2 protein chains.
Amino acid sequence: MSETAGGVRDAEAVSRFVESFAAQLVEAGVPRMPARVFAALLASDAGALTSAELGEQLQISPAAVSGAVRYLAQVHLVSREREPGSRRERYRVHSDQWYEALTNREALIKRWEGALREGVASLGATTPAGRRMAETLAFFEFIEGEVAAMMERWRAHREQVFRE
Amino acid sequence: MSETAGGVRDAEAVSRFVESFAAQLVEAGVPRMPARVFAALLASDAGALTSAELGEQLQISPAAVSGAVRYLAQVHLVSREREPGSRRERYRVHSDQWYEALTNREALIKRWEGALREGVASLGATTPAGRRMAETLAFFEFIEGEVAAMMERWRAHREQVFRE
DNA sequence: TCCTAACTTCACAAATTTCTGAAAGAAGCG
DNA sequence: CGCTTCTTTCAGAAATTTGTGAAGTTAGGA
């Protein structure tokens with residue numbers, strides 16, 4: 001009955017992984033549909049699926065696929081490619097997009113920093129609250145620099161382990 | 001009219017900061033009330049407020065304060081202390097709780113890793129999808145170690161800058 | 001140029017989440 | 001030991017979010 005060996009993908013095993021990984025992402029704050037779509041792409045052999053394939057596998061409408069993909073593209077977790085000679089589109093995960101996405105959280109942090117800077121300015125850098133905000137700001141600034149360096153180290157580490 | 005100097009806190013300036021910082025947190029996925037409560041604590045001189053103070057400043061019910069604080073305590077962004085000789089509770093931000101909170105995301109990542117490991121096992125480590133998941137897993141394992149080291153460096157850096 | 005396949009947008013129904021008032025539950029203090 | 005003050009829990013109203021079907025848009029192929 002089970003058919004995991006021999007190159008035949010076990011659809012049920014795939015689905016189990018997709019739903020369980022998606023559930024974890026949901027718990028981390030990712031909306032349900034984007035999470036499921038992302039997990040499905042991650043578990044696909046080609047690392048890419050068409051809209052129709054996603055709709056069928058996840059039992060969701062084309063509209064839902066569209067919305068999910070828009071979300072994922074915005075946070076840089078998938079890219080879209082046009083299949084040449086067809087108006088079919090395929091959505092792809094690059095294995096290096098995870099870290100790009102992480103890095104892209106920088107934009108968010110930058111806005112936090114902006115709000116904190118204004119707070120420090122308007123409450124006064126010498127007040128207790130101002131000092132607390134200044135320290136928080138310093139923390140984010142520090143993190144920002146460290147993350148870039150960390151990604152550099154990851155690339156090196158990966159090179160070594162995966163020999164790509 | 002404006003009274004920012006001279007030690008008198010400008011309630012309006014505080015409120016402006018609180019709402020604008022909270023808005024950024026909301027955009028990052030934090031529920032509204034926890035975001036506002038956290039921002040209010042951050043902007044308070046003592047770094048701590050009672051339930052009543054929070055309710056008044058933010059114009060929300062005791063129930064809302066309670067819910068928000070439960071959320072924040074769960075993700076380790078605030079701690080609660082009993083005011084001795086009173087049944088009043090105070091909620092506090094430690095400036096070092098930010099990074100503790102960040103570090104606590106590890107628990108989340110651990111669960112991601114679990115799901116990925118199962119995925120690799122059930123799809124087979126030699127399939128293309130399995131290999132992609134294995135690499136993703138490796139990335140998270142790498143990050144996990146790095147973050148710990150990064151926090152160590154932050155503590156050192158902070159020591160140097162803030163001389164505490 | 002028109003037809004058609006594919007994706008996107010839109011309006012709405014359904015489900016979920018959020019916040020409130022009210023009641024219940026702790027815990028100091030007399 | 002009961003009163004009083006503060007916090008939490010609960011049920012429900014209101015608002016928001018989510019996903020769908022259907023119409024609209026775009027672009028390849030004849």
Side-chain angles (χ1 to χ4, degrees), chain A residues 15 18-19 22-41 44 46 48-75 77-93, chain B residues 15 18-19 22-41 44 46 48-75 77-93:
Chain A
S15 175
V18 167
E19 297 307 330
Q24 301 300 337
L25 293 177
V26 166
E27 216 160 320
V30 181
R32 177 180 310 278
M33 285 294 148
R36 297 180 69 207
V37 166
F38 181 76
L41 290 172
S44 68
L49 294 170
T50 65
S51 175
E53 290 167 332
L54 283 167
E56 201 210 353
Q57 186 183 330
L58 301 175
Q59 290 295 313
I60 57 180
S61 71
V65 174
S66 174
V69 167
R70 181 175 22 174
Y71 177 97
L72 290 169
Q74 205 145 29
V75 299
L77 277 174
V78 313
S79 58
R80 0 172 40 125
E81 7 180 289
R82 215 13 155 276
E83 225 167 47
S86 165
R87 61 233 86 164
R88 198 167 291 165
E89 204 144 10
R90 33 185 48 222
Y91 309 116
R92 155 159 278 130
V93 281
Chain B
S15 174
V18 167
E19 296 307 329
Q24 302 299 337
L25 293 177
V26 167
E27 216 160 321
V30 181
R32 176 180 311 278
M33 284 294 148
R36 297 180 70 207
V37 166
F38 181 76
L41 290 173
S44 68
L49 294 170
T50 66
S51 174
E53 290 167 332
L54 283 166
E56 201 212 352
Q57 186 182 331
L58 301 175
Q59 289 295 311
I60 58 180
S61 72
V65 174
S66 174
V69 166
R70 180 175 22 174
Y71 176 97
L72 291 169
Q74 204 145 29
V75 299
L77 276 174
V78 312
S79 58
R80 10 179 23 134
E81 8 181 288
R82 213 18 154 270
E83 225 167 46
S86 164
R87 61 235 83 163
R88 198 168 288 164
E89 203 143 13
R90 31 187 50 220
Y91 308 115
R92 153 159 281 127
V93 281

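In what follows, chains carry the letters A, B, and so on, assigned in the order in which the sequence lines appear, proteins first and then strands, with residues in each chain numbered from 1. Treat the numbers as computed from the prediction; the structure is a model and nothing was measured.
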J.: Starting at CG of A/Leu49 and ending at C1' of C/dC7, how long is that distance when rounded to a whole Å?
T.: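 It is 16 Å, rounded to the nearest whole Å.
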J.: Ignoring backbone atoms, test whether B/Ser51 places a side-chain nitrogen or oxygen under 4.0 Å from the OP1 or OP2 oxygen of D/dC6.
T.: no
J.: B/Ser61 side chain: which of D/dT4, C/dG21, D/dT20 is closest?
T.: C/dG21
J.: Decide yes or no for B/Tyr91 and B/Val65: does some side-chain heavy atom of the first lie under 4.5 Å from some side-chain heavy atom of the second?
T.: yes
J.: Of the listed nucleotides (C/dT20, C/dC7, D/dT20), which one gets closest to any side-chain atom of A/Glu89?
T.: C/dC7
J.: Relative to the 5' end of DNA chain D, which residue comes earlier, A/Arg82 or A/Arg32, by the nucleotide with the nearest heavy atom?
T.: A/Arg32
J.: Give B/Tyr91 one of three labels, base, sugar-phosphate or nothing, depending on what nucleic acid heavy atoms sit under 4.0 Å from its own.
T.: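 Result for B/Tyr91 = sugar-phosphate.
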J.: Give A/Arg90 one of three labels, base, sugar-phosphate or nothing, depending on what nucleic acid heavy atoms sit under 4.0 Å from its own.
T.: nothing
J.: Just the rounded figure in Å: distance from P of D/dA14 to CD1 of B/Ile60.
T.: 20 Å
J.: Using whole Å, what does the distance between atom C1' of nucleotide C/dT18 and atom CG of B/Leu58 come to?
T.: 15 Å
J.: Could you state the CG-P distance from A/Leu72 to C/dC7, rounded to the nearest angstrom?
T.: 16 Å
J.: Decide if atom CD of B/Glu56 counts as having more than 12 heavy atoms of other residues, nucleotides or ligands within a radius under 6.0 Å.
T.: no
J.: Counting side-chain heavy atoms from C-beta on, which of C/dT9, D/dG28, C/dG28 comes nearest to A/Ala63?
T.: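 Nearest nucleotide to the side chain: C/dT9.
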J.: Taking the side chain as everything from C-beta on, heavy atoms only, tell me whether A/Gln57 gets closer than 4.5 Å to A/Val18.
T.: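 Yes - at least one pair of side-chain heavy atoms lies under 4.5 Å apart.
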J.: Pick the closest DNA chain D nucleotide for A/Ser86 and for A/Pro31 by heavy atoms, then say which residue is nearer the 5' end.
T.: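 Looking at DNA chain D, the more 5' nearest nucleotide goes with A/Pro31.
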J.: Nearest whole Å is fine: how far is C/dC19 P from B/Arg70 CZ?
T.: 13 Å
J.: Applying the side-chain contact (heavy atoms from CB on, under 4.5 Å) test to B/Val93, which of B/Leu77, B/Leu72, B/Val78 qualifies?
T.: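 Testing B/Val93 for a side-chain contact (heavy atoms from CB on, under 4.5 Å) against B/Leu77, B/Leu72, B/Val78 leaves exactly one candidate, B/Val78.
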J.: Closer than 4.0 Å, any side-chain N/O of A/Arg88 to the OP1 or OP2 of C/dA6?
T.: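 Checking C/dA6 against A/Arg88, a side-chain N or O does come within under 4.0 Å of OP1 or OP2.
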J.: Between P on C/dA6 and CG on A/Leu54, what's the gap in Å once rounded to a whole number?
T.: 15 Å
J.: Where the side chain of B/Met33 is defined as all heavy atoms beyond and including C-beta, which of C/dC19, D/dT20, D/dT8 is the nearest nucleotide?
T.: C/dC19
J.: Please name the pair of heavy atoms, one in A/Pro34 and one in A/Val30, separated by the smallest distance, quoted to 0.1 Å.
T.: CB-CG1, 4.2 Å
J.: Under 4.0 Å between a side-chain N or O of B/Arg80 and OP1 or OP2 of D/dT8?
T.: yes
J.: Quick check for you: among C/dA27, D/dT8, C/dT8, whose closest atom lies nearest to any side-chain atom of B/Arg87?
T.: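 Nearest to the side-chain atoms of B/Arg87, counting from C-beta on, is C/dA27.
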